[in-house]
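Accompanying notes for the structure given below.
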Amino acid sequence: MNPPNKSQLKIRTRFAPSPTGYLHVGGARTALYCYLFARQNAGEFVLRVEDTDEQRSTEDSMRQQLSDLKWLGYAYQEGVDADTLNDRGPYGPYRQSQRLAIYREYADRLLKEGKAYYCFLSDEEIAEQRAQAERAGRPHQVVSPYRNWSLKDAEKKIADGGVSPTVRFRVSDLNREYKFRDLVRGDVTFPSDMVGDFVLLRSGGMPVYNFCCVIDDALMKISHVLRAEEHLSNTLRQLMLYEALDFEPPQFGHLSIILGPDRQKLSKRHGATSVHEYRERGYLPEALSNFIALLGWSSPKGQEILSMSELIEQFSLDRLHPAAAVFDEAKLKWVNAQHLRALPHSELWNLIEPFLTRAGLQMPEDANWRERSLQLFKTSMEVLSDAVELYRPLSISGANGGFTVHDEARETLSWPSTVKVVEEWRKQLETAASKSTSAYLSEEEFATIQNNVKSNCAVKGKELFMPIRVAVLGKPHGAELKILVPLIEKSILIERAKIVLDHILRG
RNA sequence: GUCCCCUUCGUCUAGAGGCCUAGGACAACUCCCUUUCACGGAGUAGACACGAGUUCGAAUCUCGUAGGGGACGCCA
């Protein structure tokens, strides 16, 4: 169990995505841990949108990310609502672009107290400085000639017009070490000269990440900041700001990053990186959560398959692993398959149906038919989209389920007995069709037919089953015939047998 | 380049100085079940990055080395 923060009883976590692109699986994991930790401690989980990058932020992206978060089920008490995009909660607004006045106020305060200053350096001058530092092998830090200007002089220069300065934090006077205890890494120490005077407000007045982040976390009373490891060194700047602003810092925990198979930071060139893609491919939200939870955390019971409520119950900060983890899709698939199989059939059907519909397939309405089909296919599915190829031969939407004789069938078709078997299969089906008005064969009828084929053709084993399966599916491998065949209309079976016969005759 | 972080089977991890002949899971392989495919079951193989130290004893503590990652933005 995690001890409460000494100065704050209420645990409050936040997830603060920037709406540029899709929700990344790494972001999802951060959100998950924040959610789990808050839930487990009867705390609050806040969603804040960090949209201070005017160029790259889009409302579309925000909407998308919030919708993916909702799909994952990480409900937050406060923040931007996924459906209405309206704020919810007492510490709003929750979009940084709507908090500009707040940031300005604190910037003015720092300016007045001499902890920050106006800087008139141009992009070109900064680039030149960096190039020089590079050549000299010095740290790439900005040294502003304006750092010693008085606020009055700077304000006068601004009043004269023609300039739009940035506001920089004055770290150059600081000369000390900043220490903090990271929730996942332990004690971390940074020397203050690790960073140069950094920007608080851009020349347009738009604040910068490190500045907003500190103000918002403090104002929103966040107790625990769990975020990705790439922010570890930002913590130094933020600690300086907490001090300058006289805010009490939260507890920080820096989560290891997620790597691709080549041990580089997971990115698009590794394949799917967004929650959205996994959603579209037919992964279950509980399974994705289960899998990403295990990337850097382990169940104290050694459990591999955990439901959301088990995650909430078992999660703890002290089991967070500091090393980077490789995203292994094979294991994700396995986890998904486990969750899939545990689902009640009615629910499973509701989940696969959209995939079938999107693929243009149509299945019988009959509940019993659906039940039998799921029974048959459930163990062959790892992701929901696997249902498409499994169900395609059962579609009643015309075009005979897209039936074709598959390449895999070549060997079976080359056997001398195959023609005989398929021909007999067709004959038996036609007889059965003429005897009963039911569209489908019963399991018993199929058994009888199969037996007739067996004795009339004097074949058994592979020579019996494989040709029949080719006549049903177009390939020799697949589901068990005695359950599969009664799921397909007799007329369709007859048609397929004819197609296969035709195929053999044409060579 | 500078600073910070990290390092156990191919992958995710367990491991808090003796319970470690290093455990589990995915993947791989073998066998069993099975008319096929899958499911399921049983097994096999496979790791403490390296080097010093501390200690009676080190995967576990310390220091170095190497490798990987991150930061050094008017991105977040």
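As the structure is a computational prediction, the values presented were derived from the model and not from experiment.
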Using the benzene-type ring in the case of Trp, are the ring centres of H224(A) and Y33(A) under 6.0 Å apart?
-> no
Which part of the nucleic acid does L121(A) contact within heavy-atom distance under 4.0 Å: base, sugar-phosphate only, or nothing?
-> base
Given G40(B), is OP1 or OP2 found less than 4.0 Å from the side-chain N or O atoms of R341(A)?
-> yes
Relative to the 5' end of RNA chain B, which residue comes earlier, F465(A) or Q96(A), by the nucleotide with the nearest heavy atom?
-> F465(A)
Could you tell me the separation between the NE2 atom of H254(A) and the C1' atom of A71(B), rounded to a whole number of Å?
-> 11 Å
Sugar-phosphate, base or nothing in reach of G302(A), heavy atoms under 4.0 Å | nothing
Sugar-phosphate only, base, or nothing, as touched by S18(A) at under 4.0 Å among non-hydrogen atoms = sugar-phosphate
Which part of the nucleic acid does V199(A) contact within heavy-atom distance under 4.0 Å: base, sugar-phosphate only, or nothing?
-> sugar-phosphate
Mind calculating the distance between CD (E230(A)) and C1' (G70(B)) to the nearest angstrom?
-> 8 Å
Contact class for E480(A) vs. all strands (heavy atom < 4.0 Å): base, sugar-phosphate, or nothing?
-> base
Given C75(B), A14(B), U7(B), which nucleotide is nearest the side-chain atoms of A323(A)?
-> U7(B)
Does the A76(B) base have a donor-acceptor partner in the side chain of N234(A) within less than 3.5 Å?
-> yes
Looking only at non-hydrogen atoms, find the nearest pair between V453(A) and L464(A) and report the distance.
-> CG1-CD1, 3.7 Å
Indicate, with a heavy-atom threshold strictly under 4.0 Å, whether D123(A) touches base, sugar-phosphate, or nothing.
-> base
Is E304(A) touching bases, backbone alone, or none of the nucleic acid, heavy atoms closer than 4.0 Å?
-> base
Between F120(A) and K157(A), is there a cation-pi geometry (under 6.0 Å to ring centre, at most 45° from the normal)?
-> yes
Complement of U44(B), any strand, by Watson-Crick or G-U distances under 3.5 angstrom | A28(B)
Below 4.0 angstrom from OP1 or OP2 of C12(B), is there any side-chain N or O of R319(A)?
-> no
Taking the nucleotide of RNA chain B with the closest heavy atom to each, which residue, F291(A) or T189(A), is nearer the 5' end?
-> T189(A)
Mark yes or no: R319(A) above the aromatic ring of F315(A), with NZ or CZ under 6.0 Å from the six-membered ring centre and no more than 45 degrees from the axis.
-> no
Could you tell me whether R469(A) contacts a base, only the sugar-phosphate backbone, or nothing, with contacts defined as non-hydrogen atoms closer than 4.0 Å?
-> base
Looking at C6(B), does its base get a donor-acceptor pair with the side chain of S256(A) below 3.5 Å?
-> no
May I ask you to say what T52(A) touches in the nucleic acid, namely base, sugar-phosphate or nothing, with a heavy-atom cut-off under 4.0 Å?
-> sugar-phosphate
Non-hydrogen atoms of Q141(A) and Q129(A) that approach each other most closely | O-OE1, 3.7 Å
Could you check how far CD1 of I257(A) sits from P of G69(B), rounded to whole Å?
-> 8 Å
Look at the side-chain N and O atoms of S233(A) and state whether any lies under 4.0 Å from the OP1 or OP2 oxygen of C72(B).
-> no
Determine the contact category for K378(A): base if any of its heavy atoms lies under 4.0 Å from a base atom, sugar-phosphate if only primed atoms, P, OP1 or OP2 are that close, otherwise nothing.
-> nothing
Classify the nucleic acid contact of Y209(A) as base, sugar-phosphate or nothing, counting any heavy atom under 4.0 Å across all strands shown.
-> base
Exercise: identify the closest heavy-atom pair between R281(A) and S385(A) = O-OG, 2.8 Å
Using a 4.0 Å heavy-atom cut-off across all strands, classify H321(A) as base, sugar-phosphate, or nothing.
-> sugar-phosphate
Are any of Q141(A)'s side-chain N or O atoms less than 4.0 Å away from OP1 or OP2 of U2(B)?
-> no
Expressed in angstrom and rounded to an integer, what is the separation of H231(A) atom NE2 from G73(B) atom C1'?
-> 14 Å
Can you tell me the distance, in whole Å, between the NZ atom of K333(A) and the P atom of A28(B)?
-> 11 Å
Under 4.0 angstrom, heavy atoms only, what part of the nucleic acid is S298(A) near: base, sugar-phosphate, or nothing?
-> sugar-phosphate
Which part of the nucleic acid does R227(A) contact within heavy-atom distance under 4.0 Å: base, sugar-phosphate only, or nothing?
-> nothing
